Amino acid sequence: RAKKNIAENFEYFAPEIEEKTTWQLNMIRRLRNDFADRKLELWFQPQVDLVSENVVGMEGLLRWPDTESGYISPAVFVPLAEYSGLIVDIGEWVLEESCRRIQELKNAGFGHLRVAVNISILQFRDRQFIDKVKAVIKRFDCDPSKLELEITESVVMDEPQIVIDALRSLKEFGVAIAIDDFGTGFSSMSYLQKLPLDRLKVDRSFVNDITPGKSAVIAETIVTLGNKLGLLTIAEGVEKREQASYMLKLGCDEAQGYLFAKPMPFSELMPFLKERTGEQGSP
Ligand code: C2E
Ligand code: MG
Ligand code: MG
Ligand code: MG
């Protein structure tokens, strides 16, 4: 965990722990170097409106190129970036990169599209976080409503007051807010009212299994909850046509998943958008 001091691990001498620690420290060193050398990439996965299937936005997802395995998964290196504290600087770069892309999209006639970014709890604990977000938006002169911050339930539960205050201030500034992986964490329902939310992201695990059963019931309940709270809902991890139709039937507004598009580098996103709209979008 991020809070834990790295040195604590050296109190144990079980070989496998020692080995894991060496591996972690090695990875952290490589990540720090590669980030400093600007080798990290921010890819984008389109999000569509479930009725029209028009692209309405995209989620920015970190990619770490590796000579041996192609790319190291963020599921592997984001926890290490948190453990080492590197995520604060990496997260700031992700915000810059996203705002730069929002501006580029606008210049290409896609000013209506929003870009969502994942925010780590360590970024909220950074006292300068709110000012950093506002400064980046101003620097790139982007419409703040086109930037969406994604937070998980565990981020809210970790530091409720800090997170609520930060999100209220950023929402006032015009930024959009989404709860990521909704339904997988343990959150108090009361936070749904305290947080200035725009969107609930229905976790992939509930969308995957839409055959009659528990998961379908949970997906339905989350969509109903979102609708009743006046929030937009988006289904994560839609891979099959039936999943899209089912989520649409439940009243879910939007979707993201391999059925529509995989995450792609920005250089591929532009041609993808132009092909899908058949023309340039309207600014
Ligand atoms: P997430 O925010 O829930 O992102 C969605 C993940 O689902 C992405 O994995 C995406 O590639 C994957 N996905 C999308 N559609 C499908 C589908 O149809 N099927 C399947 N099987 N998977 C799908 P990815 O890119 O590996 O990212 C994993 C996690 O790493 C993210 O989960 C997020 O928690 C974290 N992450 C990624 N980028 C950042 C970042 O910039 N900052 C922070 N703090 N975390 C990040
Ligand atoms: Mg996300
Ligand atoms: Mg998610
Ligand atoms: Mg997820």
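Everything numeric in this text was worked out from a predicted model, so none of it was measured. Indexing begins at 1, ligand by ligand and atom by atom, following the structure's order.
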Heavy-atom pairs closer than 4.0 Å: do any link ligand 1 to the side chain of [X], the backbone, both, or neither?
{"X": "Lys262", "value": "neither"}
{"X": "Val238", "value": "backbone"}
{"X": "Glu59", "value": "side chain"}
{"X": "Thr152", "value": "neither"}
{"X": "Lys201", "value": "neither"}

The Mg ion (ligand 2) reached by Thr152 (N, O or S, under 2.8 Å):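 Thr152 does not place any N, O or S atom closer than 2.8 Å to the Mg ion (ligand 2).
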Contact flag Glu59/the Mg ion (ligand 2), N/O/S atoms, threshold under 2.8 Å: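 Of the N, O and S atoms in Glu59, at least one lies under 2.8 Å from the Mg ion (ligand 2), which means yes.
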For Glu59, the option from Gln45, Gln47, Gln256 that meets side chain to side chain donor-acceptor pair (under 3.5 Å):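 Only one option passes, and that is Gln256.
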Check: Arg276 side chain, Glu53 main-chain N or O, donor-acceptor pair, under 3.5 Å: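 Yes, Arg276 side chain to Glu53 backbone: donor-acceptor pair under 3.5 Å.
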N/O donor-acceptor pair under 3.5 Å between Asp143 side chain and Ser145 backbone: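 Judged by distance alone, yes, a pair lies under 3.5 Å.
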[X] side chain near [Y] side chain, heavy-atom distance below 4.5 Å:
{"X": "Met157", "Y": "Ser154", "result": "no"}
{"X": "Phe173", "Y": "Val133", "result": "no"}
{"X": "Lys201", "Y": "Ile179", "result": "no"}
{"X": "Leu95", "Y": "Leu147", "result": "yes"}

For ligand 1, which atoms, with element, lie under 4.0 Å from some heavy atom of [X]?
{"X": "Val94", "result": "41 (O)"}
{"X": "Arg63", "result": "11 (O), 24 (P), 25 (O)"}
{"X": "Asp181", "result": "3 (O)"}
{"X": "Gly257", "result": "15 (N), 18 (O)"}
{"X": "Pro263", "result": "11 (O)"}
{"X": "Glu239", "result": "17 (C), 18 (O), 19 (N), 20 (C), 21 (N)"}

Looking at the Mg ion (ligand 3), is there an N, O or S atom belonging to [X] that lies under 2.8 Å away from it?
{"X": "Asp180", "answer": "yes"}
{"X": "Glu150", "answer": "no"}
{"X": "Asp181", "answer": "yes"}

Within less than 4.0 angstrom of ligand 1, does [X] place any heavy atom?
{"X": "Glu236", "value": "yes"}
{"X": "Gly91", "value": "no"}
{"X": "Glu82", "value": "no"}

Taking the minimum heavy-atom distance to [atom], which of [options] ranks first?
{"atom": "atom 41 (O) of ligand 1", "options": "Leu62, Ile151, Asn208", "result": "Leu62"}
{"atom": "atom 44 (N) of ligand 1", "options": "Leu61, Asn118, Ile121", "result": "Asn118"}
{"atom": "atom 1 (P) of ligand 1", "options": "Asp180, Asp203, Ile72", "result": "Asp180"}

Please tell me whether [X] and [Y] have a donor and an acceptor in their side chains that are separated by less than 3.5 angstrom.
{"X": "Gln103", "Y": "Asn107", "result": "no"}
{"X": "Ser69", "Y": "Asp66", "result": "yes"}
{"X": "Arg29", "Y": "Asn26", "result": "yes"}

Val88 and Lys132: CA distance, side-chain angles, deciding distance, side-chain contact (heavy atoms from CB on, under 4.5 Å) verdict: CA-CA 11 Å; Val88 174; Lys132 281 179 182 173; 4.0 Å; yes
Residue pair Asp198, Lys171: steps toward the salt bridge (Lys or Arg N to Asp or Glu O under 4.0 Å) verdict: CA-CA 9 Å; Asp198 295 280; Lys171 176 72 190 182; 2.7 Å; yes
Nitrogen or oxygen of Gln123 less than 3.5 angstrom from that of ligand 1: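 There is no such contact.
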Any N or O of Gln256 closer than 3.5 Å to N or O of ligand 1: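 No.
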Minimum-distance N/O/S atom that Glu236 presents toward the Mg ion (ligand 3):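 Considering only N, O and S atoms, Glu236 comes nearest to the Mg ion (ligand 3) through OE2.
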Residues Ile151, Phe124; criterion side-chain contact (heavy atoms from CB on, under 4.5 Å); working and verdict: CA-CA 10 Å; Ile151 52 157; Phe124 282 100; 3.5 Å; yes
Sole candidate of Asn227, Asp49, Leu248, Ile234 that passes side-chain contact (heavy atoms from CB on, under 4.5 Å) when paired with Asp253: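 With Asp253 as partner, Asn227, Asp49, Leu248, Ile234 yield a single side-chain contact (heavy atoms from CB on, under 4.5 Å), made by Asn227.
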Sole candidate of Tyr71, Trp64, Phe266 that passes ring-ring contact (aromatic ring centres under 6.0 Å, His included) when paired with Trp43: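 Exactly one candidate clears the test, Tyr71.
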